[in-house]
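Remarks on the structure that follows.
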Amino acid sequence: MRIGERKRIIIHVDMDHFFTAVEERRHPEFRGKPVIVGADPKGGKGRGVVSTCNYEARKFGVKSGMPISRAWKLCPDAVYLPVNYELYEKVSREIMNILRKYADKFEQWSIDEAFLDVSSRVKSYEEAEILAKKIKREILERVGLSCSIGIGPNKLVAKIASDYHKPDGLTVVRENEVEKFLSPLPVRKLLWVGWKTEQKLKKLGIKTVGELANFDPSMLIEVLTKHILQNSNS
DNA sequence: CATGGTGGTATT
DNA sequence: AATACCAC
């Protein structure tokens, strides 16, 4: 650590099934039913993909990014809605304006996710957890939506932590818990490890984060630079 | 049959 | 500029 550098505490906020949650907010009659936002299914013949689905739809096996025709086969009785970006962006701005207040450094990551560096606002992870609960309550009361939050010493860990308990989750990973937390997770959870990289790592017999790096940082960097992956490809 | 749209980084 | 990843 360089002189003057402090340990950081990062909060990652991820809205729960954002697009469908916004739709349910203005259509209470949809609550409790499977709701799918995405391309027009056209009775099973539609093209395009599922953008977001709520948890009732996920019970039928529907997932984000899935072809809408497959979603139709799995759950023809769901409420199908087109993507209303203007509306979601308006709600997103309301949420981001709330979150911004709590951060020294604020980074919007997508329409429904953001990183908050709260290092100088809190003195401990306990305080960060209290702040996170306050944030969740404010978004629920003022916007009417729930979110999941992860707290960690860096953005990678905070983002993975927010995904750990969903929906309406709050997961705290302290510095001394990072290795224990990450080790058993599939490599796919890491940022920058998508489908292609996952397949290449699988050929090397690497499925978990622990296997990937064995927590030798130089090994982690080396693998992620992808030179090893390209050389071992096919 | 069965894969959108947009924006980002890295490499060549 | 093109390619190939990645993210939501």
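Just the heavy atoms: all of them, side chains too, but no hydrogens, waters or symmetry mates, feed the values below. Here the structure is a predicted model, which is why all the values come from computation and not from measurement. Each chain gets a letter, A, B and so on, in the order its sequence line appears, and its residues count up from 1.
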Exercise. Side-chain N or O of A:T197 less than 4.0 angstrom from OP1 or OP2 on C:dC6?
Worked result: yes
Problem set entry | Test item: A:I11 and A:Y102 side chains (from C-beta on) under 4.5 Å apart, heavy atoms | no
Problem set entry | Polar side-chain atom of A:E211 near backbone of A:T208 as donor-acceptor pair, under 3.5 Å | yes
For this session: Figure out the NZ/C1' separation between A:K155 and B:dG8, and round it to whole Å.
Result: 13 Å
Exercise. Are the side chain of A:D112 and the backbone N or O of A:F18 linked by a donor-acceptor pair below 3.5 Å?
Worked result: no
For this session: Send over the distance from A:M96 CE to C:dC8 P, rounded to a whole Å.
Result: 13 Å
Problem set entry | Residue pairs involving residues 31-51 of chain A (criterion side-chain hydrogen bond (donor to acceptor under 3.5 Å, both in side chains); sequence neighbours excluded) | none
Problem set entry | Listed once per pair and sorted, the side-chain hydrogen bond (donor to acceptor under 3.5 Å, both in side chains) pairs that draw on residues 21-30 of chain A, sequence neighbours left out | A:E23-A:R26, A:E23-A:Y88, A:E24-A:N54, A:H27-A:E29
Problem set entry | A:D112 CG - C:dA7 C1' separation (whole Å) | 12 Å
Run the side-chain donor-acceptor check on residues 76-84 of chain A: report pairs under 3.5 Å with partners two or more places apart or on a different chain.
residue	atom	partner	partner atom	Å
A:Y80	OH	A:A71	O	3.3
A:Y80	OH	A:W72	N	3.4
A:Y80	OH	A:C75	O	2.9
A:N84	OD1	A:L87	N	3.2

Seminar exercise, completed: Heavy-atom contacts, protein to nucleotides 1-6 of chain B, under 4.0 Å, summarised as B (base), S (sugar-phosphate only) or - (none) per nt, yield -SBB--
For this session: Convert the base pairs of DNA chain B into dot-bracket notation, remembering that pairs crossing earlier ones are written with [ ] and that bases paired across to another strand are shown as |; include only Watson-Crick or G-U pairs under 3.5 Å.
Result: ....||||||||
Problem set entry | Spacing between A:W195 atom CH2 and C:dA4 atom C1', to the nearest angstrom | 14 Å
Problem set entry | Distance in angstrom units between A:E198 CD and C:dA7 P, rounded | 10 Å
I'd like a table of donor-acceptor pairs (distance under 3.5 Å, sequence neighbours excluded) in which one partner is a side-chain atom from residues 141-149 of chain A, with atom names and distances.
residue	atom	partner	partner atom	Å
A:R142	NH1	A:E138	OE2	2.5
A:S146	OG	A:D16	OD2	2.6
A:S148	OG	A:D16	OD1	2.8
A:S148	OG	A:D168	N	3.2
A:S148	OG	A:G169	N	3.2

For this session: Go through the steps to decide whether A:S92 and A:Q108 satisfy the test side-chain contact (heavy atoms from CB on, under 4.5 Å), and finish with yes or no.
Result: CA-CA 10 Å; A:S92 173; A:Q108 183 171 348; 3.7 Å; yes
Problem set entry | Verdict with supporting geometry, A:I68 and A:I36, side-chain contact (heavy atoms from CB on, under 4.5 Å) | CA-CA 9 Å; A:I68 200 75; A:I36 296 169; 4.1 Å; yes
Exercise. Given atom CG of A:L191 and atom P of C:dC5, what is their separation to the nearest angstrom?
Worked result: 18 Å
Seminar exercise, completed: Separation of C:dA7 atom P from A:D163 atom CG, nearest Å, is 12 Å
Exercise. Within less than 4.0 Å of OP1 or OP2 of C:dC8, is there a side-chain N or O belonging to A:K159?
Worked result: yes
Problem set entry | Distance, rounded to the nearest Å, where A:W192 contributes CH2 and B:dT9 contributes C1' | 7 Å
